[in-house]
Amino acid sequence: MFDQRLTIYAMEVAQATASLVLGVLLLSFNRYYRKSYLRDWALSWVSLAIYEVTSGLALLASESMPAIHPARILLTFLAAAAGYAQPAFLVFGCYELTTRRQIRQRGRHVVLSVSIALGIALSLVFVNQPSASPLRYMARFGVRSLLAGAAFLVAAAMVYRVRSAAKGIGFNLVTVAFTLYGAELIHYFVLTCIYVQSHRQLGYSAYLGFLDFALLALIGIGMVTCLLEDEREATVLATKEIEHLAYHDSLTGLPNRALFLDRLIVAMARASRYQNRMALLFFDLDRFKEINDSLGHTVGDQLLKAVAERIRSCTREADSLARFGGDEFTLLIDQIATVDDATRVGRKIIDALKVPFRVSERELFISTSIGIGIYPDDGEDTNRLIRNADTAMYRAKEQGRDNYQLYAPAMNEQAVQRLALEQLLRKALSQNELVVFYQPLVDGDEHLVTSAEALIRWNHPELGLLSPEHFISAAEASGLILPIGNWVLQTACVQAKTWQVKYGARFGVSVNLSARQFQQADLVDQVRVALEKSGLDPGCLDLEITESNAMQNAENSIRMLRDLKKLGVRISMDDFGTGYSSLSYLKRFPIDTLKLDQSFVRDLHIDEDDRAIAEAVIAMAHSLKLNVVAEGVETQEQLTFLKEKHCDHMQGFFFSRPVPPEEFEAMISEGMLINAT
């Protein structure tokens, strides 16, 4: 009997040593690899080592100490806590390994607390009975063996589920080892039941510790092998991810410029070999920068992802769609029979983007301009084909956006001219070739000059005086409209203040804001600086925005206009009647003046519809307590009609064309226009 107990003690010490060594080994691995499942596995084996040592010491103490002795109670509680914590930590680790998700701390604490409480509670059952009591043996050892065995079988099932996806033998080895050890622990429960029934232990049970030791060694080898294979798999996945990021756009997941160029080279080589034609579509989102600047990059990024998904839905699996950069996308269509195959896809994409996008609880509208290049007609190398498709795209923008254009050789000449114009415009800005002309706004009753509209001109050294229609589109496309617009604003404010001081009159000036100016985040600061530098009263500055620009993003326009109004400036809506604003938005826009577009004034004397529209706009504006300025007044008949309808101010060639500052001063000196009768 003594030899049998000695054997049991020796095996418990051996198992405790093996468990402790395995726990320390896994902890050292965890310090290097920083994987949560290693920490839990390590705690599981350390708990098992504590359980083996304390349960063995408690068994030894039972021979010389009463059951209520503090040392014996402490050993019993430690053994119970460690014994029931061990399977919990094991399951935690397997769950984190197989799901790649960490268990929430609250859940961990609950499971551990319940497990330890159960173990301590069972250790108190039949505490007054002898240590060899079958019922006490069942409560302390049998139940723990059953629960721990079930935990190992559950852990084996978890690992088994993912073993097929993992390469190597590590997961298979762990699955087998967990299954065998779980079966061994349940076998212990069966032996305990036999002991309870027959009050005797089977002879071979004393030597099962050797099997336990062997299974622990097998589990240790499996866990280490599993770790190494898991780390190798993580390295492979990381390498693939790095490779993916190198050739794909991180935001949309589409191929990036580098990968698209590789595919284009291969496709062109294949098309050349088999004498096929292919198409390259180069498209750019219209006015995306305005949305990005006004609503923020987060909304802009979400919109780009949504646009990419919608474009992808319009293409075939064999087509190659890529994000070329910013808000530019490219699409490679391999093996087209006719040009119509490419234009059909272009129309499909344009129509698909007409449906509004829902982004961050906002309804956003976006369109695209597409340039189409055909291989080999429009380029036999990648650079030429991309450049020509890009040129066609710019032609689509010039044609009003939201359309596609096939490349034509004449477009290159236009592109060269446009680039030359941009360069000359930059030079004009730096060499003070730009000038501001002023066109008077006349009071509808007394025909007095009350203010002026500032209009830019280019005093070209070779071509002479150029009006805005010759260069504003180039300024918009190149971004030069921003410094030019700010310069006009500052120049007009200084000039108005100069005339106020010179003539002792409260004289106002109107300045047009371009679409890109109006979308600038620092527009309010620019206006404030212009007023402060010039000393002009804010009430004497009238900022004009077009109806279409205001409605491009109505909610953002309302916020921007309110911020401008806080400065004290006046706001006019230019070209009213040519856009698509609803009366509900018009009521919300904090504006002071409506400018009736000249298209409705031109034919007032012969067109009843124009007369009805002009009369309705004036009446509506007055009902909203807004002033009305009629643009394009050129005849006495127009003037007479507008006076009869009580139009507040008028502007047009009938009074004066836009003139340089010195000529405008003569009008101010006269105090009244000669032709205003």
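- Considering only heavy atoms from C-beta on, Thr192 stays 4.5 Å or farther from Leu146 through its side chain.
- For the residue pair Leu173 and Gly222, the shortest heavy atom distance occurs at CD2-CA, 3.5 Å.
- Between Arg312 and Thr252 the shortest side-chain heavy-atom distance does not fall below 4.5 Å.
- A donor-acceptor pair is defined here as one N or O able to donate and one able to accept, closer than 3.5 Å; no such pair exists between the side chain of Arg270 and the backbone of Asp334.
- Here CD1 of Ile291 is found 8.5 Å from CG of Leu285. Values are rounded to the nearest 0.5 Å.
- One finds the CE atom of Met223 at 6.5 Å from the CG atom of Leu22 (value rounded to the nearest 0.5 Å).
- Side-chain contact of Ser19 with Glu52: a donor-acceptor pair under 3.5 Å is absent, judged by distance alone.
- Between Ala352 and Cys314, the shortest heavy-atom distance links the atoms CB-SG, 3.6 Å.
- When only modelled atom types and interatomic distance are considered, Ser369 and Asp284 share no side-chain donor-acceptor pair under 3.5 Å.
- Closest approach of Ala88 to Val111, counting heavy atoms only: CB-CG1, 4.3 Å.
- A donor-acceptor contact shorter than 3.5 Å links the side chain of Asp286 to the backbone of Asp402.
- Here the side chains of Leu261 and Ile386 are in contact, with some heavy-atom distance below 4.5 Å.
- Here the side chain of Asp262 pairs no donor or acceptor atom with the backbone of Ile265 at under 3.5 angstrom.
- The shortest non-hydrogen separation linking Ile186 to Gly149 is CG1-CA, 4.1 Å.
- Note that the OH atom of Tyr84 and the CG atom of Leu118 stand 5.0 Å from one another [nearest 0.5 Å].
- Nearest heavy-atom pair across Leu254 and Ala308 is CD1-CB, 3.8 Å.
- Here the side chain of Arg323 pairs a donor or acceptor atom with the backbone of Gly326 at under 3.5 angstrom.
- Note: Phe152 and Trp45 have tilted aromatic rings, judged against thresholds of 30 and 60 degrees for the angle between ring planes.
- For the atom pair CG of Leu385 and CG of Leu280, the computed distance is 5.0 Å after rounding to the nearest 0.5 Å.
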_Determine whether Ile311 and Thr368 satisfy the following criterion, side chain to side chain contact (heavy atoms under 4.5 Å, CB included), listing intermediate values before the conclusion._
CA-CA 11 Å; Ile311 295 174; Thr368 185; over 6 Å; no
*Apply the test side chain to side chain contact (heavy atoms under 4.5 Å, CB included) to residues Arg358 and Glu363: give CA-CA distance (whole Å), side-chain angles for both, the deciding distance (0.1 Å), then the verdict.*
CA-CA 5 Å; Arg358 193 71 183 176; Glu363 193 174 59; 3.7 Å; yes
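- The nearest pair of heavy atoms linking Phe365 to Pro356 is CE2-CB, 3.7 Å.
- Expressed to the nearest 0.5 Å, how far OH of Tyr375 lies from CG of Leu332 amounts to 12.0 Å.
- Every residue meeting the side-chain hydrogen bond (donor to acceptor under 3.5 Å, both in side chains) condition with Asp319, not counting sequence neighbours, appears here in chain and number order: Arg316.
- Using a 4.5 Å heavy-atom threshold, the side chains of Gln105 and His109 count as touching.
- The closest side-chain heavy-atom distance from Thr98 to Arg161 is not below 4.5 Å.
- Using modelled atom types, no side-chain atom of Arg257 and backbone atom of Gly325 make a donor-acceptor pair closer than 3.5 Å.
- Looking at Phe282, Phe329, Phe283 one by one, the single match for ring-ring contact (aromatic ring centres under 6.0 Å, His included) with Phe324 turns out to be Phe282.
- To the nearest 0.5 Å, atoms CD1 (Ile372) and CG (Leu281) are separated by 4.5 Å.
- Of the charged side-chain nitrogens involved, none lies within less than 4.0 Å of a carboxylate oxygen, so that Lys354 and Asp351 do not count as a salt-bridged pair.
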*Stepwise salt bridge (charged side-chain N to carboxylate O under 4.0 Å, His left out) check, Asp390 with Arg387*: CA-CA 5 Å; Asp390 184 37; Arg387 184 171 64 249; over 6 Å; no
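- Contact check for Phe92 versus Gln102: no side-chain heavy atoms found under the 4.5 Å cut-off.
- Remark: side-chain polar atoms of Arg144 are paired, donor with acceptor, to backbone N or O of Gly83 under 3.5 angstrom.
- A donor-acceptor contact shorter than 3.5 Å links the side chain of Ser44 to the backbone of Gln86.
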*Can Arg287 and Ile366 be said to form a side chain to side chain contact (heavy atoms under 4.5 Å, CB included), step by step?*
CA-CA 8 Å; Arg287 297 188 176 93; Ile366 197 77; 5.6 Å; no
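- Residues Cys94 and Phe178 meet the side-chain proximity criterion, which asks for heavy atoms closer than 4.5 Å.
- Not one N or O on the side chain of Ser272 forms a donor-acceptor pair closer than 3.5 Å with the backbone of Met268.
- The shortest side-chain heavy-atom distance between Val307 and Asp327 does not fall under the 4.5 Å cut-off.
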*Step-by-step side chain to side chain contact (heavy atoms under 4.5 Å, CB included) determination, Met158 to Leu97*: CA-CA 9 Å; Met158 290 182 182; Leu97 170 66; over 6 Å; no
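- Judged purely by distance below 3.5 Å, without hydrogens or angles, the side chains of Arg347 and Tyr404 pair a donor atom with an acceptor atom.
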